[in-house]
Each structure stands twice: as structure tokens, then as C-alpha cells.
Amino acid sequence: MARKKRVAIRNHSAEANLFARRTFITFMGVIVLSLLLFSNIYDLGVNSYQKYQTRSNSNRIKLLPVAPNRGLIYDRNGVLLADNTPVYSLEVIPEQVTDMKRSLAEVSLLLDISEEKQDKLLKAVKSKRRFKPIELYSRLSEQQVSLFSVNQHKFPGFFIDARLKRYYPFADLTTHSLGYVARINGRDSLELEKKGLAENYAATRNIGKLGLEKYYQDILHGTIGHQEVEINNLGRVIRTLNFTPPIPGKDLTLTLDIELQMIAKRALSGKRGAIVAIDPRDGGVLAMYSNPSFDGNLFVHGISSKKYKKLLAPESNKPLLNRAVQGYPPASTIKPLLALTGLDDGIITPETEIYDPGFYQLPGIETKRRDWKKWGHGKVNLTKSLEQSCNVYYYDLAYKLGITKISKMMRKFGFGDYTGIDLHEESRAIMPSIEWKRERYNKAWYTGETLSVGIGQSYWSVTPLQLSQAISILVNKGQIKVPHLLKSTSEVVINEEGVVAQAPLVTQYVVDEKAPIILKNNKSWDVVLDGLHNTVQKVGATGYSAFKGSKYDAAGKTGSAQTANIAQDEEYDATKVKESKRDNAMFIAFAPYENPEIVVAVAIENVAKGGGGTNAAPVARQIMDQYFGDREIVSKNPKKHALHSDTYHQHIENIAGNP
């Protein structure tokens, strides 16, 4: 028979204590967790409120940069040279497009975009940030804009953007002075970051690449604006909360005269060369044209590789080169300055004569340096040396002066250095010296090279701009006005509502001057200037034919620069040498003789026949005819300048008899 199982007696007191302990622990756990919870709530809602409020706003509110309008550029008479015109472009935000290749192909079919262009666009899209808009196609026609607008719903992420872009109405006529703008590249971005300007260019796509557009980039650009907008979770703008208008760039008024530019282009038609015209009274550049030129508008929207290669092709004759600020052998145009150096040094006087048999020989040397006139000029003094451009006179003068004295004086006139014009592309050219040759070639200087320098040859090169500045210094009798293209700047004041508050403010350009050239005898200036006057006004002088019958009283100097060596027993014949080996034609002129208003320097490359008087002087005459128009200006001192010609005598008498 089985035993009956014993019934255990429960300890109610122990169970109650266990339950109480567990309840207390649980309660305390709840209290601690609640405290932690409320502590975190307090921290999030009070201590970190500002932090998370800012984060919340950044997800909801976006600050969009607004690009300023670029300043306009005008010529001295108010003619618009650089404008901003509206341009429509197709843009895309890559992250909003599911299949970029397919979508781009469909858009291209609609807008007639070539396959080559599509491939370039795909590469561009891959290299850019996916959340930023990328320009796919610029300069859409009105028909293309309409076609896309109707079908835009089919292409999420694609949109039409309207912007103002640079436009140069005179195309190639102003490119070498104005320059052009083009798309900001990586190098530009790094440069802006170094200067601390990157933020101001957040919405800007183009930047000055050349000429005045580059030199005055910061002035023309303006100050960025901002648009504060509210966006939804898809990034679309719901409304504008605040708008800070951008400050447009300053407008520039230049010293250039576009009509003179037109005459310069016409005068150089079919030729390679450059023209620079300066107002010697203040250094303002009236005209600066280099031929051939190119259209800066090609670079504004991005030039194709095909068109760029065409500009680089040999048959295009280097249109990208600004010949107005590149070096040429000065030839005889620097003889007046050599004469001035001789006078100041006491080597010659106005009456000093030499005999020119048609050649010059150094003592003990058989080599003959030829004059341009085979049979020579006979007895020659300083005035006649300028009128007839006698080489022998300046061979002898250069030999007596020596290269050191020549180089020292010519540097005072700005040769071998920057003029200081407001362009980055200027060349210093070359003013040779003993030290220069030693440093450049590690060779000694020879006396024969000094003779060549005496007629503006050898290593010596000058830019047409330097030449015009040097003659400006000459006519100003030593006063140096730094050449410049900027005449004044203007800007408009904008109030808080983005409205123009008052008329444009105009700031005149402050003319920069350098220390003047002081001569031992101030009369030396007049002696040389009289010689230049005779060169144009006296019958038989080298510049007479080009200016015969002009209504203004001009002065000048011709020059013909060799570009290839000719053996002593050879005769130069332009028809028998390559075009690239033919002489360059040079000419400098100023007018009126008393109180000059304009200085012109002309350089024409590889002329087929004749020299500076035949080819370059008539070009300078066209510029001056345009500048003076119908004004008639003759010498106020007929006795001093009545030695030139019977025609000139009669002209003075007519003026005197008919006040």
C-alpha cells in the first residue's frame, strides 16, 4: 500500500518580502528610465533646441546664390562695346534623372543635338556633382525653347534656364583690347579660392579671360545676391522667404574711339600688323587694333575644337596674337630718340655734319654698312638726317655713343619694359645692352651690333604701344603719361527693395605719371621735333607724300625694318624673297605739331614693295583724317616752320590773308 504524499506548508511572509523587493526594483527601474527619458527630452527640447532647430530649417529652408549682372563697357562717345544679352540654355540635375543616357538621347532627338555632342555631355555629367545643375546645351533658339516647354513633363530633371551672357556687337574689332569672358574652369576656381573670392562667384559661370575683361574682372563682376527659399522633401521650391539683390558690376567707359577702330581695321585690311593711337595729353589710348583679329563671341559660349584649330592654323596668320603689344624691330622710327641722346650727351649739335657716300665703315674694318640710298645723301646734318632717314648719320652717332649710353637713355623712354597699360598681355620687348646679351647668350657685345642698334635693328625690338608712348614722351618734352584704356567707371546705388535709388555714380580715371626725363638743354627737344616736322612737311622728305594736302599740321618718322640678313654684295628685292622675309614697314606720327592731340604708331609686316613712307604712313594718315575730321589746324608760327614747301608757303599766306 503506497504512502500518502506530504503536503508542504507555504511561507507567506517570505513570498511577500520577495514580491515587495521585486516590485521595488521594478519601480525604481521605471523611475530611473523615466528620469533618463525626461532628461533626454529636456536636453533635446531645451539645451539642444537651437542646434536641432537650425538643422530642421536647413532641411526646409535653402539659400540660393544669385549672380550679379556684369558691368557694361562703352567707348569714349558712349557707344556700347560689351553688352549682356539673354540666352536660353538646357540644364539638368543628374540625381533627378533615372536613366541619363536614354533621357539625353530623347531630348537630343527633340532638339537636334548631335551624337558627338551627346557623348561630350555624358562625360561632363559624370565629372560633375549630381545635385548641381549642369548646362547641356546653350543658345537655344525660340523654336527649341517652345518644343522643350511643351514636352518638359516627359523629362524630369531637365529644365530651361534663362541667363544674361556677354555679347560683343563689334566682334573682332575690339577683341584684342576688350578681350572676352568664358566659362570658369578648375584653374580659375583655385585662383578665386586663393584670393578669398570663391563665395562671391558661387552663382557665376563666366569670368574674364583676356584683355580688359580680365584686367578689370573684379570691378565688372559685382557682388553676389541671395534668395532664401522654402523647399519640400523633393527639393522643389515652395516659396521665397527673403531676397537680397545682387549688386551689378560697374560699367566702364574707355578712352577708345570705335570709329577710329573701324578706320584702323579698314586701313589694315589684307595686311598683318598693328595700329596704336594715343592722346599724349593724358595717355588715353584712342585706338588699338591688331590685324588679323578674331571674334571674342566664339569663346563666350565655348568654342568648338574645329573652330579653335582653324584659329591656330598657319593660314590664319595668328589672329590670337595681339600685335599691338608684341615686339617688332623699330627701324628708323627711333632715330629721333637717338638724335636726342646725341644732343644731350654733347656728341653732336644741330649743326654737326657728316659726309654720306652711301655706306659706313668702322676704322680698320672692311665691311661696309649700307645706306638705304645707294649713292648716299652727301653732306648731312641732324635735321637732314631725320628728313631723309640717313642711316650713315646714325651708324656714326651710335658708334660714338656706344651701346651703354644708348640703352640707358632708351630705357628712360620705356623701351625694354612694360608701359603700365591696363592689360595683362603686354610684352616688354627687348632693349639690348652688354649685360642683357651676357645674361641671355653668355656672349660679349660687339661694336658692329651697336651700329645696327643705331638704325633700330639687331636685337632691339619694340611694341607699337611702346613706340607710341615714347613719341608721346617726346612731344611732351619729357613728361611721362602712362597709357591707359579706362576713362571712367560708373555704378548704380540699389536700395533694400532692389530698386535703383539714384542715377549712376561716375568715377574718373586718375592719370598716372612717372618721373619726367630731364635733359641738359631743353632746346634739344625742339631741335628733334622740328626735324620730325620737316620729315612730313618738306618736299622730298620721306613722309611728305603721305601727308601732302592734309588740313592739320602733322609730323612723323618713317621706318623699314629688315627681317632677314642680306649679304654685303646682295641687293634686297622683295619679289625674290619669301613673304616672311620681306621688310616690315613702320611709321610714327603726331599732330598738330603745336600742342599735339594724337600720336599714332603703325607696324605692317612683310610689305611687298616700298617701306614705311609708302605703306605705313598712309595708314597713319587715315587715322588722323578721321580724328581731325573737317578741322583745319596749321602752325601758329609761320616764320619758324615756313621752310617746308612752296605749297606750304602759299597755305600759310592764304591763312594769314584770310583770317
Short side-chain donor-acceptor distance under 3.5 Å, [Y] and [X]:
| X | Y | value |
| --- | --- | --- |
| Thr463 | Glu426 | no |
| Tyr627 | Glu597 | yes |
| Ser433 | Ser407 | no |
| Gln479 | Arg281 | no |
| Glu605 | Tyr328 | yes |
| Lys310 | Ser316 | no |
| Lys335 | Ser332 | yes |
| Lys481 | Ser472 | no |
| Asp553 | Gln537 | yes |

Steps toward side chain to side chain contact (heavy atoms under 4.5 Å, CB included) verdict (Ile480, Gln469):
CA-CA 8 Å; Ile480 303 175; Gln469 184 198 27; 4.2 Å; yes

Plane angle bin for Tyr180 and Phe294 - parallel if under 30°, tilted between 30 and 60°, otherwise perpendicular
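The arrangement is perpendicular - the two ring planes meet at more than 60°.
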
Check the orientation of Tyr552 and Phe628. Use parallel for under 30°, tilted for 30 to 60°, and perpendicular for over 60°.
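It falls in the parallel class, under 30°.
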
Contact summary for [X] and [Y], nearest pair of heavy atoms:
| X | Y | result |
| --- | --- | --- |
| Met586 | Ala616 | C-CB, 3.8 Å |
| Gly613 | Pro618 | O-CD, 3.5 Å |
| Tyr593 | Leu529 | CE1-O, 3.3 Å |
| Val506 | Gln508 | CG1-NE2, 3.7 Å |
| Pro86 | Leu164 | N-CD2, 3.6 Å |
| Val528 | Pro336 | CG1-O, 3.5 Å |

Are the side chain of [X] and the backbone N or O of [Y] linked by a donor-acceptor pair below 3.5 Å?
| X | Y | answer |
| --- | --- | --- |
| Ser560 | Gly612 | yes |
| His176 | Asn291 | no |
| Asn206 | Val181 | no |
| Asn200 | Ile224 | yes |
| Asp83 | Tyr167 | no |
| Asn69 | Pro248 | no |
| His484 | Asp282 | yes |
| Arg621 | Lys548 | yes |
| Asn534 | Gly531 | no |
| Asn584 | Ala603 | no |

Start with the C-alpha gap between Arg76 and Thr255, add the side-chain angles, then the distance that decides, and say whether side chain to side chain contact (heavy atoms under 4.5 Å, CB included) holds.
CA-CA 5 Å; Arg76 66 189 300 113; Thr255 58; 3.7 Å; yes

Euclidean distance, [Y] [atom2] relative to [X] [atom1], rounded to 0.5 Å:
| X | Y | atom1 | atom2 | result |
| --- | --- | --- | --- | --- |
| Asp188 | Tyr201 | CG | OH | 9.5 Å |
| Glu199 | Leu192 | CD | CG | 12.5 Å |
| Leu298 | Lys307 | CG | NZ | 6.0 Å |
| Met262 | Gln626 | CE | CD | 9.5 Å |
| Ile406 | Trp460 | CD1 | CH2 | 7.5 Å |
| Ile604 | Lys271 | CD1 | NZ | 5.5 Å |

Does any non-hydrogen side-chain atom of [Y] lie less than 4.5 Å from one of [X]?
| X | Y | answer |
| --- | --- | --- |
| Val285 | Leu256 | yes |
| Pro68 | Thr223 | no |
| Leu337 | Phe415 | yes |
| Pro516 | Lys412 | no |
| Val600 | Ile471 | no |
| Leu210 | Asn322 | no |
| Leu254 | Lys487 | no |
| Leu340 | Phe413 | yes |

Worked check of side chain to side chain contact (heavy atoms under 4.5 Å, CB included) between Ile421 and Tyr215
CA-CA 10 Å; Ile421 192 172; Tyr215 194 91; over 6 Å; no

Could you walk me through whether Arg166 and Asn84 pass the side-chain hydrogen bond (donor to acceptor under 3.5 Å, both in side chains) test, one step at a time?
CA-CA 5 Å; Arg166 210 49 154 182; Asn84 297 323; 2.9 Å; yes

In sequence, state the C-alpha distance, the side-chain angles, and the governing distance for Leu252 and Ile219, and then conclude on side chain to side chain contact (heavy atoms under 4.5 Å, CB included).
CA-CA 9 Å; Leu252 306 185; Ile219 293 177; 4.0 Å; yes

If you draw a 6.0 Å radius around OH in Tyr88, do more than 12 non-hydrogen atoms from other residues or ligands fall strictly inside?
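Not buried by this count: 12 neighbours or fewer within 6.0 Å.
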
Using the rule given for salt bridge (Lys or Arg N to Asp or Glu O under 4.0 Å), can you reason through Glu213 versus Arg70, listing the C-alpha separation, both sets of side-chain angles and the distance that settles it, and then say yes or no?
CA-CA 10 Å; Glu213 292 278 25; Arg70 194 173 182 84; 3.0 Å; yes

Do Asp526 and Lys477 pass the salt bridge (Lys or Arg N to Asp or Glu O under 4.0 Å) test, and can you show the C-alpha distance, the side-chain angles, and the key distance before you say yes or no?
CA-CA 8 Å; Asp526 293 322; Lys477 299 181 180 180; 2.7 Å; yes

